[in-house]
Amino acid sequence: MDFRRKWRWIRSPYVWVTIGAVVWIGFLDAHSWWQQQRLAQRLRQMEAQYKFYEAQIQALRAEEEALLNDPYTQEYHARKHYWVKRPGERIFLLRRRLEKGGE
């Protein structure tokens, strides 16, 4: 392709309109390709979060069922969170000793 044919292509309004349309559709429009890619990525993130929270809900429902119906789990929860003890038992509270910086 010689210089004249290249120059004719460069000066052609069809080329510039096509380039402008591609830039507009790709990057500048409110529903551009770029925006669609960002929204698709956000959708994938939200679907992953949805699956995570569904799993958490299932685990909490299983824990709720155990707390309502299983005496061993009820006792374990009461001892762990509320320091409930049987008559005659002692509860020992152990604190970690904080080390001073660098000594």
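Hydrogens, waters and symmetry mates play no part in the numbers below; they use all other heavy atoms, side chains included. Small disclaimer: the values here were computed from a predicted structure and weren't measured.
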Separation between CG (L67) and CD (E63), nearest 0.5 Å, reads 5.5 Å
Look at E75 together with R79 and state whether they make a salt bridge at an N to O cut-off of under 4.0 Å.
yes
Looking only at heavy atoms, the pair that brings I91 and W83 closest together is CD1-O, 3.1 Å
So, Q74 versus D70: side-chain donor-acceptor pair below 3.5 Å or not? no
Distance-only donor-acceptor hits, side chain of residues 12-19, under 3.5 Å, sequence neighbours excluded:
{"unit_1": "S12", "atom_1": "OG", "unit_2": "Y14", "atom_2": "N", "d": "3.3"}
{"unit_1": "W16", "atom_1": "NE1", "unit_2": "I10", "atom_2": "O", "d": "2.5"}
{"unit_1": "T18", "atom_1": "OG1", "unit_2": "Y14", "atom_2": "O", "d": "2.7"}

Determine the interplanar angle of the H77 and H81 rings, folded into 0 to 90°, and report it as parallel if under 30°, tilted if 30 to 60°, perpendicular if over 60°.
tilted
Scan the side chains in residues 37-58 for donor-acceptor partners under 3.5 Å anywhere in the protein, sequence neighbours excluded, and list what turns up.
{"unit_1": "R38", "atom_1": "NH1", "unit_2": "Q35", "atom_2": "OE1", "d": "3.4"}
{"unit_1": "Y50", "atom_1": "OH", "unit_2": "E54", "atom_2": "OE2", "d": "3.4"}

